Amino acid sequence: MTNRRLMSLATVALVLAIFLPVSLSIWMSHRQAEENFMNDLDMYSTLAEMRSQRVINQSKAALRELDAYDGASCTPEHLLAMRRISYSWRYVREVLYIDGLQPLCSSLQADSHIPPFPEPGKITSDGFRAWLTRHNDLGLAKYMVAIGSAHYVVMVDPTSFIDILPHGTSPVYIALINTKTYQRIAGSPRLTAARLAQINQQGPTRIMTNGEVYRIQRDADMGLAIVTWMAIAPLEKNWHRLLMVWLPLGLLVSLLLAFVMLRLLRRLHSPRAQLQDAIHRREITVFFQPIVELDNGKIVGAEALARWRQKDGSYLAPDIFIPLAVHSGLMPQLTKLVIETVFSTLGSWLHQHPDQHISINLEPADLLDPTLPDLLARLIAHWQLSPSQIALELTERGFADPAVSGPAINALRSAGHAIYIDDFGTGYCSLSYLQNLDVDIIKIDKSFVDALEYKAVTPHIIDMAKALRLAMVAEGIETEGQLQWLKKYGVEYGQGWLYSKALPPDAFIEWAENNLRAA
C-alpha cells in the first residue's frame, strides 16, 4: 500500500477518531437511558402479569376446594365452609353457591337475593367460567371479576390483579381492561377512551404515542388485559444524566485517538515517507549527462543522475534527496529503481552501441545489498550487454572501510564492471590509500575544476592518478578555458554544461546520435 493511500486512510481514521467516539458516547447514553426506561416498564408489566396469574390461580384453587364439599347445600355447615374459603384465600372476597346460573346462598348470607348470572363472558381452557359483573348481596354498584365452576362462583376485586408497587424512579401507571368491551375495570383513570381505542385484541404488545409508551399483557382465557405505561419525559432527563457520564469518556477517547492519528499522519507526511512513496510509485526518474573524450568531444558514455519529479512539474536535484535516502535506509531501494530505469530506458540503445557505457552511482549501503550483483547480471543478460557497459561510481566514503567495501567492490569488478571514485579529492583518499584501492577511473570534483586558475590542488590530483595509471573524468566543465587546461594536463574525459546538461532519456539519445554522426 502506497504512502499516499496510507495518508488518505489515516486522514479518514483521524476524522472518525474525532467524531466517532463522541457520537458513540451520545448514542450509548441514549441507548442506556432507553434500555433502563424500557426495563423499568417491562419489569413492572411482568410483575403485574405475575400478580394477575396468582389471583386467577388462587381463585381456581378455591373453587376446586369448594367442589370437594359433599354436604347439603346452603346449610349452616355449608355456609361455614364458604366463609372459611373467603377468609383463608387472600384474593377471594365472596363465595356464591349457584344452581345453573341462579345464586342460592353465599358466604355473606344464607338466602341470596342476587338475580341469575348471565351467560359467562369467557370459558377458560380448563373449564372455568368468567364474568365481569356487579352481582352482590350488598347493593353496591361495583364491578367484580367472577370466576366459577359448576356450582360455585368466587368474587374477586379487580384491583387485586394490578395491585403492584412501582419499583423504578419514574412514575408508572397501570390499568385492567376488558378486551371484549374495551372497558377500563380498574386502575389509573389516565387511560382515556382514545388510548383504549388503540388497544385491541390483535394489536401490538407495545405502543408509543403522544409522549407515552404503553405495554399490553393480554390474557385471552379471561378476556382481560393489563396495560402499563410511562411518560417519555423522564427518559430524556435520564439520557441527559447519562450523557454527563458517557460524553467525557467519548471526548477522552477522541483526544487519545486523534493524538495517535496525528502522530501517524506526521510520520506519513515526513520527508522519508514521501521519498519511500515516490520510490514505490516509481516517481524517481533518471536523467543522463554525457561523458566525452576531451581531445575530440566524442561521447563515450553518460552518468545516470536521479531526479525526483514534484507535483508542480519541477525536478528535485539528487543532492537534496540522496542524503535523505542514505540516512533513512532507503538507498538500496532507490539504487535498485535507478538501475532498473537505466536498463528500461537505455538498454536497447546500449545494445546498439557496445562501445558506450552508463555509470551508476552507488552508496556504501548498496555494497551491503546481496541482491545487487544478481540484479545487474540478470538485466545485462536480458538486454544482451557487456558488463563493461555498466560502470559503478562510489564516493570516497564508500572506500572508508576496506574490510567491508573491499570484497563487494572486488566482486563487482571481477564481474566486468569498471569502478569509479566519484568526487575525488573531497574525501578520504591519499596517494598511499589509492595504492590499496582496486579502481579504474577517478572523477575530479567540480569544485577543483572551478578553481583551476587559482588553486594548485588539481595538478597534484592529476599527478596522483597518472602515477597509479588511472584514467580521469573531470566534472563540471563549463568554459573553454577549463577544457583547454584539462587537455593540457592530460585529463582524458569530461562532462559538464560546456557539452550538455543532464537530459531525459529521449533527449539524451537524440543528443548522443547527433554527436556520433558528427564525429
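Computation of the quantities below employed the complete heavy-atom set of this structure, encompassing side-chain atoms and omitting hydrogens, waters and symmetry-equivalent molecules. The model shown is predicted, which means the values in this text are computed figures rather than measured ones. One-based numbering along the sequence shown.
- Salt bridge Asp440/Arg413: present, at least one basic N to carboxylate O contact under 4.0 Å.
- Formation of a donor-acceptor pair under 3.5 Å by the Tyr44 side chain with backbone atoms of Ile164 is found in this model.
- Closest of all the heavy-atom pairs between Gly476 and Val449 is O-CG1, 4.0 Å.
- To the nearest 0.5 Å, the span separating CD1 on Ile462 from NE2 on His460 amounts to 10.5 Å.
- Taking both residues in full, the closest heavy atoms of Ala512 and Ile299 are given as CB-CD1, 3.8 Å, listed atom of the first, atom of the second, then distance.
- Crowding of Glu510 atom CD: a count of heavy atoms from other residues, nucleotides or ligands under 6.0 Å not exceeding 12.
- Under the 4.5 Å side-chain criterion, counting only non-hydrogen atoms from C-beta, Leu376 is in contact with Leu412.
- At a cut-off of 3.5 Å, with distance as the only test, a side-chain donor of Asn514 or Arg517 sits close to an acceptor on the other residue.
- The distance from the CG atom of Leu385 to the CG atom of Leu379 is 9.0 Å, given to the nearest 0.5 Å.
- At a threshold of 4.5 Å between non-hydrogen side-chain atoms, the residues Ser188 and Ile174 do not count as touching.
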**Message:** side-chain contact (heavy atoms from CB on, under 4.5 Å), that's the test. Do Glu283 and Arg309 meet it? Break it down for me.
**Reply:** CA-CA 6 Å; Glu283 293 175 350; Arg309 184 179 177 88; 5.7 Å; no
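- Here the side chain of Asn57 pairs a donor or acceptor atom with the backbone of Gln53 at under 3.5 angstrom.
- When every heavy atom of Ala474 is checked against every heavy atom of Leu486, the shortest pair comes out as CB-CD1, 3.5 Å.
- The line from CG of Asp422 to CG of Leu392 is 12.0 Å long, rounded to the nearest 0.5 Å.
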**Request:** Determine, step by step, whether Ile442 and Val473 satisfy the side-chain contact (heavy atoms from CB on, under 4.5 Å) criterion, reporting the C-alpha distance in whole Å, the side-chain angles of both residues, the deciding distance to 0.1 Å, and the verdict.
**Result:** CA-CA 6 Å; Ile442 64 171; Val473 177; over 6 Å; no
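- In this structure, CG in Leu346 is found 9.0 Å from CD1 in Ile390, a value given to the nearest 0.5 Å.
- Atom-to-atom distance recorded for Ile441:CD1 and Glu393:CD is 9.0 Å, nearest 0.5 angstrom.
- Between the side chain of His382 and the backbone N or O of Arg378 there is no donor-acceptor pair closer than 3.5 Å.
- Counting heavy atoms from C-beta outward, Val342 and Phe288 have side chains that approach closer than 4.5 Å.
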**Request:** Given side-chain contact (heavy atoms from CB on, under 4.5 Å), test Glu363 with Thr335 step by step and report yes or no.
**Result:** CA-CA 8 Å; Glu363 291 291 331; Thr335 299; 5.7 Å; no
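- Here the closest heavy-atom approach between residue Ile226 and residue Ala48 is recorded as CD1-O, 3.5 Å.
- Annotation: side chain of Ile320 is not in contact with side chain of Trp308 (no heavy-atom distance under 4.5 Å).
- Within the 3.5 Å criterion, the main-chain N or O of Lys298 finds no donor-acceptor partner in the side chain of Asn515.
- Rounding to the nearest 0.5 Å gives a distance of 10.5 Å between CE of Met43 and CZ of Arg215.
- Using a 4.5 Å heavy-atom cutoff, the side chains of Leu305 and Asn361 are in contact.
- The shortest heavy-atom contact between Asp366 and Pro332 is OD1-CA, 3.4 Å.
- In this structure, Trp485 and Tyr489 have parallel ring planes: the angle between them is below the 30° cut-off, well short of the 60° mark.
- Counting heavy atoms from C-beta outward, Arg307 and Phe321 have side chains that stay 4.5 Å or more apart.
- Looking at Gln289, its side chain does come within 3.5 Å of a backbone N or O of Ser500 through a donor-acceptor pair.
- The shortest distance between side-chain heavy atoms of Leu483 and Tyr499 falls below 4.5 Å.
- Among all heavy-atom pairs drawn from Glu340 and Leu375, the shortest one is OE2-CD1, 4.3 Å.
- A donor-acceptor pair under 3.5 Å is absent between the side-chain atoms of Ser45 and the main chain of Asp42, judged by distance alone.
- Although no hydrogens or angles enter the test, the distance criterion places a donor-acceptor pair under 3.5 Å between the side chain of His357 and the main chain of Val300.
- Under a cut-off of 6.0 angstrom, the local environment of NZ in Lys487 is crowded, with over 12 non-hydrogen atoms contributed by other residues, nucleotides or ligands.
- Of the possible polar contacts, one joining the Gln482 side chain to the Glu478 backbone as a donor-acceptor pair under 3.5 Å is found.
- Screening Lys443, Met464, Lys466 against Met472 for a side chain to side chain contact (heavy atoms under 4.5 Å, CB included) leaves a single residue, Lys466.
- A salt bridge links Asp450 with Lys446: at least one charged nitrogen is closer than 4.0 Å to a carboxylate oxygen.
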**Stepwise side-chain contact (heavy atoms from CB on, under 4.5 Å) check, Tyr420 with Glu303** = CA-CA 11 Å; Tyr420 288 26; Glu303 180 182 2; over 6 Å; no
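- Under the 3.5 Å distance criterion, with hydrogens and angles disregarded, no donor-acceptor pair is assigned to the side chains of Gln389 and Gln356.
- Ser328 places a side-chain heavy atom less than 4.5 Å from the side chain of Leu330.
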